[in-house]
Structure formats: C-alpha cells, structure tokens
Amino acid sequence: MNQSPTAENMSRRVWQLAWPMILSNISVPLLGAVDTAILGHQPSPVYLSAVAVGASAISMLLWAFGFLRMGTTGLVARSAASPDGGIGWLLRAMWMALLLGVALMVLATPLLGTIVRWMNASAAAAPHAEAYLQIRLFSAPLVLANFALLGFFIGRQDSRAPLLILLAANLLNILLDVVFIVGLGLGARGAALATVCADTTAFAFGIYLLRGLEEGIYRKMLARVRDARLYPWVNAAPWRELLSINVDLFLRTCLLLFALAFFTAQGAAQGDAILAANAILLQLLMITSYALDGFAHASEALVGDAVGRKSPELFRATVRSAAHWALGSALLVTAVLLPGRDWILPLFTDLKPVLAEAGSVYPWLCALPLLAVWCYLLDGVFIGAGRSREMRDTMFVATVLVFLPAWWLTRPWGNHGVWFSLFLWISARSAGLLLYFRYYNQNNFWTTASPR
C-alpha cells in the first residue's frame, strides 16, 4: 500500500476486501438455511432434527481444524513481501490438512454412535443423524485442505477467489439438495451427499483459481514441494511456528464448537420441536455472524500486512475503518431482525410447534448482533497480529467460567436459560478481547506476536 492510510482510502480498502467475503460467508449459513427449509417442510420434524444434530457434530469435528484457515491467513499476510509470497506456508498447511483429514476419518468413524448419543438425539432421529455423519466424513481431507487454500487467498488480500469458491460449491449443494432430498427422497442422507459433492468441487475449483494470483504459480509450488527445506526433518523452524499458532487456535476453536454443540444438545434434550426451533434460530445467528466476519477477514489480511511492515499508522487505520463498517452492518442486521419474526420464521418451517417455540425465544436472537460484532471483528485483528494465545484464553474464560455456570444456574428457565447462557457467552468473548485490545494497543500491538 503506497499511499498513506487516510480514513477515506483505508475505509475503501476495507470495503473492497470485505464485500466479497460477506457474500461468500453468507452463502455458508444460507446453505444450512436451505437444508433447514427443505427438511423443515418434510412431513416429520425427525429429518430436520437429525440434520441439526449431525451438522452440529460434523461442524465440531471439522471446524475444530479451522485453525488451518486462520493460521494460514495470518502467516501469509505477514510474509506477503517474502520471495515466495507465502507459498511455503500454503504447502505446509495443506500437507497438515490432508494428514489430519485422513486421521479424522479413521478415528471418528467408530465413535459416530457415541457422538450422536452425546448430542441427545431422539430415538427416531439418531439413525438418520449417524448416517449423515458417516457420509460427511468422506470429504474431511478435502474440507481441511480447502481451509488452507481459503486462508492463503485471504492472506494475499484476494477476497474474490473465496467468493467464487464458496458460491460455486454452495449453489451446487443447493441444487443437489433438491435432487437428493426432494427428488429422490433420501432425507438426511441426501443432505450429506450433496455437501460431500460440494466439498470436492470447492477444493478442485480452489486449486484451479490459484493460477489467477500470478503467472507460473504452479511451477513455483512444484519447485517448493521438491525443495527439502519445506519439510520438518530439514527445516523445523517454520513448522514450529505453524504449530505454535495453530495449537492455540485449535484449542480456541474446540471451545467455541463445544459451546455451540452443547447449546444444540440442551435443546435436543427438551424435545424435537425445541431442537428444530433452535436449529432455525442458530441458522439465522450464523448468517449474521458470517456476514459480520467479512470485516474480520479484511482485518486479518490488512492487520497482518501492518504488523509485517511494523506500521502503527496502518494498523490503527485498519482497525478504525473496519470497526466503523462492522458496527454499521450490525445496526442494519438488528434493524432487519427486530420487526422480522413473523415473516422470517415461516420461511424455514410450517410446523406450528416449531414456529411457536422459535417465536418465544426470538428476542434473544435480536439482542446478539450488537454484542457479537466486537468479538467477530477482534478475532480478525488478533489473527492478523499473530496473537492466538489471547484468543484462546478469552474463549476459555467465556466458555468454562461464564457459559457453563450460567446454563447450570438457569436450567429452570428451560430453553430461555439456554439462550441466556449463549447471550452471556458472546458478551464475555467481546469484553475479554476488548480488554486485551486496549492493553496491547497501548503497548505496541503491531510490533510482534505474543512470545512463545
């Protein structure tokens, strides 16, 4: 970035990076929303309940490795000026992704029945949820490798490629949902097959789009693969750095996914209608979070660049501009949600018990965007700055010391207690990261990552 980071040009740069990510991010929960809507209009809520349990469990298994996306983004952004432009980091992350994906397939398959029981699926929904999980695991290696690809593109400040990858994959998934669920009547198995086909397409398309970054990138990648210095038995230092960042992000993501899975399980324990209602509202919350995450992704790339350049001016301008955009978007989302209950919820289901339960806890959903926007945005800032340890610690406090005790104390409130606990969890995440940000912003946040 050659020009000085004025408010106007930095705001424009944040928006240029964020809007493709917003569209691509929204397509992810919209896909889940389409699954929910199609299954919610089946004759029984069993299929919707099965996919809610199965999707929550597979998210816990796969997104526990979301550090492959986040860690790669920060490392690539901070090494943008290096001779290979971060290609070495991409290849290391992809090797790690493929190995972890195969290990996940082997280790998780015998445990699927236990996982479904832990999620409190009903006797009717459990077999469908287990079948859904079994099918989804087939694409695990490619899903994890695609995390690394997306992280590489974002770190290179190319947000158009993730947009194309995710939109293509999710449009294919929606089309196959209609074919497999409505046309062939495959229920939860059909939803899983559609997603596996989309995951495979996303990886292949991502590899194809690499060529648009620079001429000869495939030759550079092949040369790096043949270079012995890429591998840990010759040059261990980069692998230690990759692992040190990723372990913290892994633990942080496991805590996050545990909280969401626990939330789903507590709804399941109260019956299929409440589980289905919570699944619908959780899809709406995911749409909100994925949209606001577009500014977090822009922050990851731009903050990483600022830290790599050791530029406090660029760092502050990035955070300030991203915060303005994110807060404005959160206000817009809240303005849509507040009056929207009676026309939004029927889009997902026409089952009256589910609609009634979803409507009763809907105000909790409306209260969340203006609280959650800060933890979403600051996650991006901390990833770009390489401060994964602080993200881990904040998530631990929010989950173990706030979320779980709040749920225990509010059990008599039923489903309202579960949603109140989620409200406090998100509030604690935002508060913790804001405190860390204030401290580090006063102590040269941009100069170096946290000590290891």
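Throughout, residue positions are numbered sequentially from 1 according to the sequence presented.
Taking 4.5 Å as the limit, every side-chain heavy atom of Phe138 sits out of range of all side-chain heavy atoms of Asp199. Within the 4.5 Å cutoff, no side-chain heavy atoms of Thr394 are placed close to those of Leu378. In this structure, the side chains of Asn246 and Met96 come closer than 4.5 Å at one or more pairs of heavy atoms. By the 4.5 Å heavy-atom criterion applied to side chains, Leu164 and Leu209 are counted as neighbours. Counting only heavy atoms from C-beta outward, the side chains of Leu281 and Trp419 approach each other to under 4.5 Å. Side-chain contact between Asp158 and Arg160 is present, with at least one heavy-atom pair separated by less than 4.5 Å. Using a 4.5 Å cut-off on side-chain heavy atoms (C-beta onward), Leu171 and Leu175 make no contact. No side-chain heavy atom of Thr195 sits under 4.5 Å from any side-chain heavy atom of Asp177.
The distance from the OH atom of Tyr376 to the CG atom of Leu371 is 10.0 Å, given to the nearest 0.5 Å. Expressed to the nearest 0.5 Å, how far CH2 of Trp425 lies from OG of Ser421 amounts to 11.5 Å. Residue Leu377 holds its CG atom at 9.5 Å from CG of Asp293, rounded to the nearest 0.5 Å. Taken from OG in Ser388 to CE in Met70, the straight-line distance is 9.5 Å, to the nearest 0.5 Å. One finds the CD1 atom of Ile154 at 10.0 Å from the OG1 atom of Thr72 (value rounded to the nearest 0.5 Å). Taking CD1 of Ile165 as the start and CZ of Phe203 as the end, the distance is 10.5 Å to the nearest 0.5 Å.
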### Task
Could you walk me through whether Val196 and Ile135 pass the side-chain contact (heavy atoms from CB on, under 4.5 Å) test, one step at a time?
CA-CA 7 Å; Val196 167; Ile135 295 169; 4.0 Å; yes
### Stepwise side-chain contact (heavy atoms from CB on, under 4.5 Å) test for Phe67 and Phe147
CA-CA 8 Å; Phe67 60 79; Phe147 289 167; over 6 Å; no
### Task
Check the pair Thr73, Arg69 against side chain to side chain donor-acceptor pair (under 3.5 Å), reporting the backbone distance first and the verdict last.
CA-CA 6 Å; Thr73 295; Arg69 204 283 302 159; 3.0 Å; yes
### Task
Test side-chain contact (heavy atoms from CB on, under 4.5 Å) on Phe403 and Leu424 and set out the steps.
CA-CA 6 Å; Phe403 177 71; Leu424 291 183; over 6 Å; no
### Query
Hey, mind stepping through Leu368 and Leu285 against side-chain contact (heavy atoms from CB on, under 4.5 Å) and telling me if it holds?
CA-CA 8 Å; Leu368 289 176; Leu285 179 60; 3.8 Å; yes
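Between Ala93 and Ala148, the shortest heavy-atom distance links the atoms CB-CB, 3.7 Å. Looking at every heavy atom in both residues, Pro141 comes nearest to Leu98 through O-CD2, 3.8 Å. For the residue pair Val303 and Ala385, the shortest heavy atom distance occurs at CG1-N, 3.7 Å. Closest non-hydrogen pair, Val402 versus Ala428, comes out as CG2-CB, 3.9 Å. Closest non-hydrogen pair, Ala140 versus Met105, comes out as CB-CG, 4.1 Å. Annotation for Val14 and Thr318: closest pair CG2-O, 4.3 Å, computed over non-hydrogen atoms.
A cation-pi arrangement is present between Arg92 and Trp89, with the terminal nitrogen or guanidinium carbon under 6.0 Å from the aromatic centre and inside a 45° cone about the axis.
Under the 6.0 Å cut-off for aromatic ring centres, Phe263 and Trp407 do not qualify, their centroids lying 6.0 Å or more apart.
Salt bridge annotation for Arg252-Glu390: absent, with no cationic side-chain nitrogen under 4.0 angstrom from a carboxylate oxygen.
Among Ile383, Asp248, Leu256, the one residue that satisfies the side-chain contact (heavy atoms from CB on, under 4.5 Å) test with Met391 is Ile383.
More than 12 heavy atoms of other residues, nucleotides or ligands sit less than 6.0 Å from atom CZ of Phe258. Within a 6.0 Å sphere centred on CH2 of Trp364, heavy atoms belonging to other residues, nucleotides or ligands number more than 12.
Side chain of Thr201 to backbone of Ala169: no donor-acceptor contact under 3.5 angstrom is found. A donor-acceptor pair under 3.5 Å links the side-chain atoms of Trp325 to the main chain of Ser11, judged by distance alone.
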